[in-house]
Amino acid sequence: VAIIMDGNGRWAEGRGLPRSAGHGAGARAVRRVVRAAPALGIGTLTLYAFSSDNWRRPAAEVATLMELFERYLVTERETCRRHGIRINVIGRRDRFAPQLLRSIRDAERATAAGRRLHLRLAVDYSSRHAITVAAGSLPRRRRCSFAEFSQRLNRAVHSAPAAPDVDLLIRTSGERRLSDFLLWECAYAEFVFTRRPWPAFGRRDLVRALEEFRSRERRFGRLSRAV
Ligand code: FPP
């Protein structure tokens, strides 16, 4: 399952609160959803926390988000370790402050044995950048299979362990676009869009999205089972 967590700003503005309050509430929604995911049969959960294009936001908002990521990694590390949740941050690693980089490595190391859920937080993530890096790593004059390319793509975003393709992509807050998220991995994903803003999203919304997913017929190019 992959989620584009959208609508923090609108949720806050609708309540007369600063956007930073929306991001804070968004972080609480992350905790709720991560807690619910393993029991719902989700093996890999990838959350779009900060796209490479989000650097274009005002410096103060970027700083707030980076602080939230770091706080999350520091405060959740031990809980995740105890609950078998393996944390992994995917995306670029060359533009983070040293302290955040250390917290990422500490969280990844501390939770590496987790097998109940692979939680991937996409931070400074751009799918097109990742695909370009993976393509640049290809050996010359040799054909490469989809499987090998997927492996190189996972390596390009520092995903350890490698993650499978996305089955279900959820985007909150009414928008219906992919915004440079997991373009290759979503080749056969089912999309569920909800109007619910991310800070208001919870276990019940996740269950509803999974039910919607289970009601879909996935054909992967074959004929319908009903034919
Ligand atoms: C989109 O809402 C959300 C983001 C750009 C940031 C996502 C961050 C969080 C959910 C908080 C912390 C995350 C972790 C992993 C601890 P928006 O700001 O674009 O909302 P808007 O479209 O309504 O303005």
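Predicted model, so just to flag it, every value in this text is computed and none were measured. Order of listing sets the numbers, starting from 1, for every ligand and every atom in it.
Here Trp198 has side-chain heavy atoms under 4.0 Å from ligand 1, and that is the only part of it that gets that close.
Salt bridge annotation for Arg10-Asp6: present, with a cationic side-chain nitrogen under 4.0 angstrom from a carboxylate oxygen. Salt bridge status for Arg218 with Asp167: present, with a side-chain N to carboxylate O gap under 4.0 Å. A salt bridge does not link Arg208 to Glu212: none of the charged side-chain nitrogens sits closer than 4.0 Å to a carboxylate oxygen.
For the pair Leu47 and ligand 1, no heavy-atom separation below 4.0 Å is found. For Phe69, the closest heavy-atom approach to ligand 1 falls below 4.0 Å.
An N or O contact shorter than 3.5 Å links Asp6 to ligand 1 by distance. Ligand 1 has an N or O atom lying under 3.5 Å from an N or O atom of Arg10, backbone or side chain. The shortest N or O to N or O distance between Asn54 and ligand 1 is not under 3.5 Å. Geometrically, ligand 1 and Arg57 share a nitrogen or oxygen pair separated by less than 3.5 Å. Geometrically, ligand 1 and Arg19 share a nitrogen or oxygen pair separated by less than 3.5 Å.
Residue Arg196 places its CZ atom among 12 or fewer non-hydrogen atoms of other residues, nucleotides or ligands, all under 6.0 Å distant.
The residue from Trp55, Tyr125, Tyr72 that alone fulfils the ring-ring contact (aromatic ring centres under 6.0 Å, His included) condition with Phe50 is Trp55.
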